[in-house]
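Below is one structure, written out as structure tokens, with a few remarks after it.
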Amino acid sequence: MGFIAFLILGLIAGAIAKAILPGRQGGGWIATLILGVIGALLGGWIGSAIFGVGVDEFWDLGSWLLAIGGAIIVLLIWGLITGRNKSRN
């Protein structure tokens with residue numbers, strides 16, 4: 001996968017992860033991009049370590065699921081570190 005495609009995958013995966021998790025997560029699109037790229041890297045690493053597959057193809061469902069799963073993990077860890085995952089009324 002090319003660099004630009006990986007950035008687009010990370011941006012979309014980060015946005016989906018923010019939409020899936022409840023609560024208010026801060027950050028704009030740059031924070032979402034960084035979150036998604038780190039999540040895609042983490043998801044690819046976990047996928048290759050456990051399942052023997054990684055984030056290889058842009059249009060592969062496995063790549064998207066690994067990237068979104070990794071972004072959710074990164075977002076949960078970030079919320080625990082910063083304490084921002086609590087919903088505000």
Side-chain angles (χ1 to χ4, degrees):
M1 177 178 337
F3 181 72
I4 300 296
F6 193 76
L7 289 178
I8 293 170
L9 173 71
L11 178 64
I12 296 171
I16 292 172
K18 280 187 171 185
I20 289 174
L21 289 177
R24 181 175 178 207
Q25 296 88 20
W29 69 272
I30 293 177
T32 303
L33 174 68
I34 293 169
L35 160 81
V37 169
I38 293 171
L41 289 171
L42 177 67
W45 180 76
I46 291 172
S48 64
I50 296 175
F51 305 114
V53 296
V55 180
D56 298 326
E57 299 285 328
F58 185 78
W59 295 111
D60 184 35
L61 180 62
S63 294
W64 283 93
L65 293 176
L66 287 173
I68 293 168
I72 289 173
I73 292 170
V74 170
L75 189 59
L76 286 171
I77 292 170
W78 181 253
L80 290 173
I81 291 171
T82 62
R84 287 187 178 176
N85 60 350
K86 298 174 183 71
S87 62
R88 295 181 182 171
N89 294 333

Rounded to the nearest 0.5 Å, how far does [atom2] of [Y] lie from [atom1] of [X]?
X: L41; Y: I46; atom1: CG; atom2: CD1; value: 11.0 Å
X: L21; Y: W78; atom1: CG; atom2: CH2; value: 15.0 Å
X: I72; Y: L42; atom1: CD1; atom2: CG; value: 11.5 Å
X: L35; Y: L75; atom1: CG; atom2: CG; value: 5.5 Å
X: L9; Y: I4; atom1: CG; atom2: CD1; value: 13.0 Å
X: F6; Y: D56; atom1: CZ; atom2: CG; value: 10.5 Å

Same apolar cluster: [X] and [Y], side chain cutoff 4.5 Å:
X: I30; Y: I8; value: yes
X: L65; Y: I20; value: no
X: I73; Y: I12; value: yes
X: L61; Y: L66; value: no

How far apart are the closest heavy atoms of A13 and W64, and which atoms are they?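 Residues A13 and W64, closest heavy atoms: N-CZ3, 4.4 Å.
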Ignoring hydrogens, what is the shortest heavy-atom contact between G36 and A71? Give both atom names and the distance. CA-CB, 4.4 Å
Give a yes or no answer on whether the side chain of S63 reaches the backbone of E57 with a donor-acceptor pair at less than 3.5 Å.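 Confirmed, S63 side chain pairs with E57 backbone.
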